[in-house]
Chemist: 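Take this structure, written in structure tokens, and hold onto it; I'll ask about it next.
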Amino acid sequence: MKAKHIVKAFFLRVFFLLIILICNSCQKNNQIETTLKNQVFIKSDKELTAAYFLIATAGISKSVISKSQVAQQKSSESNIREMSIKLENHQNLLLQEVTKMANNRLVIVTDIETINKEDLYDLIDKDNAKFNEAYLDSVIESLDAQIKLFESISRDTNDKMILKLVLQYLPTDYQFLRETKQIKEQIY
């Protein structure tokens, strides 16, 4: 009887010891997994800056594209329609490049921001007499914001892909800004 009691006690000790070891080993694995997960999602300031740049550039491009499409349908001036076609094509190319870069970096580029949608709706609601001026002002503002964004990122990053993108599209943005201002001066 004593032998049964000793064997039973021995098996219970071993059983509880195994349970304690298994529980402790599970907790250690969770700590390792948590550490690995944290390391995967830690981003450097440079990565965050690049992500912000890509998202902001895509937002401005989408906004300009939408406004240019409206101008092609609604503008009474042929030079504004021609400029809006060229600007839309330019911004579509920029958006494709930015989207490709964002996908490579696993950055999600969302739809147009609510503020830009409100600007678009305000532009659509303008009557024909005020539309051209409102469109030109809106494009000047958007191109100016995009140029400032390009200049800012070129100072803040050493990323070759982003710098190449800026060098490719910044001169054309300046050209469109000048052309838009000239058209505005001619008309108004």
Chemist: Determine whether a donor-acceptor pair (N or O, by modelled atom type, separation under 3.5 Å) exists between the side chain of S152 and the backbone of K148.
Modeler: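 No, because the side chain of S152 does not come within donor-acceptor range (under 3.5 Å) of the backbone of K148.
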Chemist: Atom CG in N132, atom CG in D137: separation rounded to 0.5 Å?
Modeler: 11.0 Å
Chemist: In chain order, what residues pass the side-chain hydrogen bond (donor to acceptor under 3.5 Å, both in side chains) check against T49, with sequence neighbours excluded?
Modeler: none
Chemist: Using 0.5 Å steps for rounding, measure from the NZ atom of K184 to the CD1 atom of I80.
Modeler: 11.0 Å
Chemist: How long is the span from the CG atom in L170 to the CD atom in Q175, to the nearest 0.5 Å?
Modeler: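 Going from the CG atom of L170 to the CD atom of Q175 covers 12.0 Å.
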Chemist: How long is the span from the CG atom in L165 to the CG atom in D159, to the nearest 0.5 Å?
Modeler: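 If we round to the nearest 0.5 Å, L165:CG and D159:CG are 10.0 Å apart.
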Chemist: Report the C-alpha separation of D127 and K130 in whole Å, then their side-chain angles, then the decisive distance to 0.1 Å, and conclude whether the side-chain contact (heavy atoms from CB on, under 4.5 Å) test is met.
Modeler: CA-CA 6 Å; D127 62 350; K130 296 180 180 181; 3.4 Å; yes
Chemist: Within a strict 4.5 Å, meaning less than it, do heavy atoms of the Q146 and L143 side chains meet?
Modeler: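 Yes, at least one pair of side-chain atoms sits under 4.5 Å.
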Chemist: Rounded at 0.5 Å granularity, tell me how far CG in N158 sits from NZ in K46.
Modeler: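 Separation between the atoms: 5.5 Å.
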Chemist: Checking T157 side chain against S154 main chain: does a donor-acceptor pair fall under 3.5 Å?
Modeler: no
Chemist: In plain terms, say whether K67 and D122 are close enough for a salt bridge, that is, a side-chain N and a carboxylate O under 4.0 Å apart.
Modeler: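 D122 and K67: not salt-bridged.
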Chemist: Would you say M161 ends up clustered with Y52 if hydrophobic residues are merged whenever their side chains have heavy atoms under 4.5 Å apart, either directly or through other cluster members?
Modeler: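 Yes, same cluster.
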Chemist: Does S138 use its side chain to pair, donor to acceptor, with the backbone of A134 at less than 3.5 Å?
Modeler: no
Chemist: Quick one: do F53 and L167 end up in the same hydrophobic cluster if we chain Ile, Leu, Val, Met, Phe, Trp and Tyr together by side-chain heavy atoms under 4.5 Å apart?
Modeler: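 Not linked; separate clusters.
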Chemist: Treat each ILVMFWY residue as a node, draw an edge where side-chain heavy atoms are under 4.5 Å apart, and state whether I60 and I153 are in one component.
Modeler: yes
Chemist: Would you say I65 ends up clustered with V70 if hydrophobic residues are merged whenever their side chains have heavy atoms under 4.5 Å apart, either directly or through other cluster members?
Modeler: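 No; tracing contacts between hydrophobic side chains, which count when under 4.5 Å, never links both residues.
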Chemist: Please answer whether the main-chain N or O of E133 pairs with a side-chain N or O of Y188 as donor and acceptor at a distance below 3.5 Å.
Modeler: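 Judged by distance alone, yes, a pair lies under 3.5 Å.
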Chemist: Taking side chain as C-beta onward, heavy atoms only, is N89 less than 4.5 Å from K86?
Modeler: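 In short, these two side chains do not touch, never coming nearer than 4.5 Å.
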Chemist: Search all heavy atoms of A102 against all heavy atoms of L54 and return the closest pair with its distance.
Modeler: CA-CD1, 3.8 Å
Chemist: Among I140, L87, V139, which residue meets the side chain to side chain contact (heavy atoms under 4.5 Å, CB included) test with F176?
Modeler: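 Exactly one candidate clears the test, L87.
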Chemist: State which residue, out of I124, D119, L120, fulfils the side chain to side chain contact (heavy atoms under 4.5 Å, CB included) condition with S66.
Modeler: L120
Chemist: Quick one: does M101's side chain get under 4.5 Å of R105's, heavy atoms only?
Modeler: yes
Chemist: What I want to check is whether the side chains of T57 and Y169 have a donor and an acceptor closer together than 3.5 Å.
Modeler: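 Note: T57 and Y169 side chains miss the donor-acceptor criterion.
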Chemist: Should we count NZ of K74 as having more than 12 external heavy atoms under 6.0 Å?
Modeler: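 More than 12 heavy atoms, drawn from other residues, nucleotides or ligands, come within 6.0 Å of this atom.
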Chemist: Once rounded to the nearest 0.5 Å, what's the spacing between atom OH of Y135 and atom CD1 of I183?
Modeler: 8.5 Å
Chemist: Shared ILVMFWY cluster between Y174 and L93, side chains joined below 4.5 angstrom?
Modeler: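 Linked within one cluster.
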Chemist: Walk me through it: do Q91 and S63 pass the test side chain to side chain donor-acceptor pair (under 3.5 Å)?
Modeler: CA-CA 9 Å; Q91 292 295 323; S63 174; over 6 Å; no
Chemist: If you take all heavy atoms of L149 and A56, which pair is closest and at what distance?
Modeler: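 Scanning both residues, the minimum pair turns out to be CD2-CB, 3.6 Å.
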Chemist: Is there a side-chain contact between L136 and M83 (heavy atoms, below 4.5 Å)?
Modeler: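 Yes; the side chains approach each other to less than 4.5 Å.
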Chemist: Evaluate salt bridge (Lys or Arg N to Asp or Glu O under 4.0 Å) for D144 paired with K181, printing each intermediate quantity in order.
Modeler: CA-CA 11 Å; D144 192 44; K181 286 181 178 179; over 6 Å; no
Chemist: State, yes or no, whether a side-chain contact exists between S61 and L94 at a heavy-atom distance under 4.5 Å.
Modeler: yes
Chemist: Any donor and acceptor pair, going by atom type alone, linking the side chain of S84 with main-chain N or O of R81 inside 3.5 Å?
Modeler: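 At least one qualifying donor-acceptor pair exists.
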Chemist: May I ask you to test the Q186-N79 pair for a side-chain heavy-atom distance under 4.5 Å?
Modeler: yes
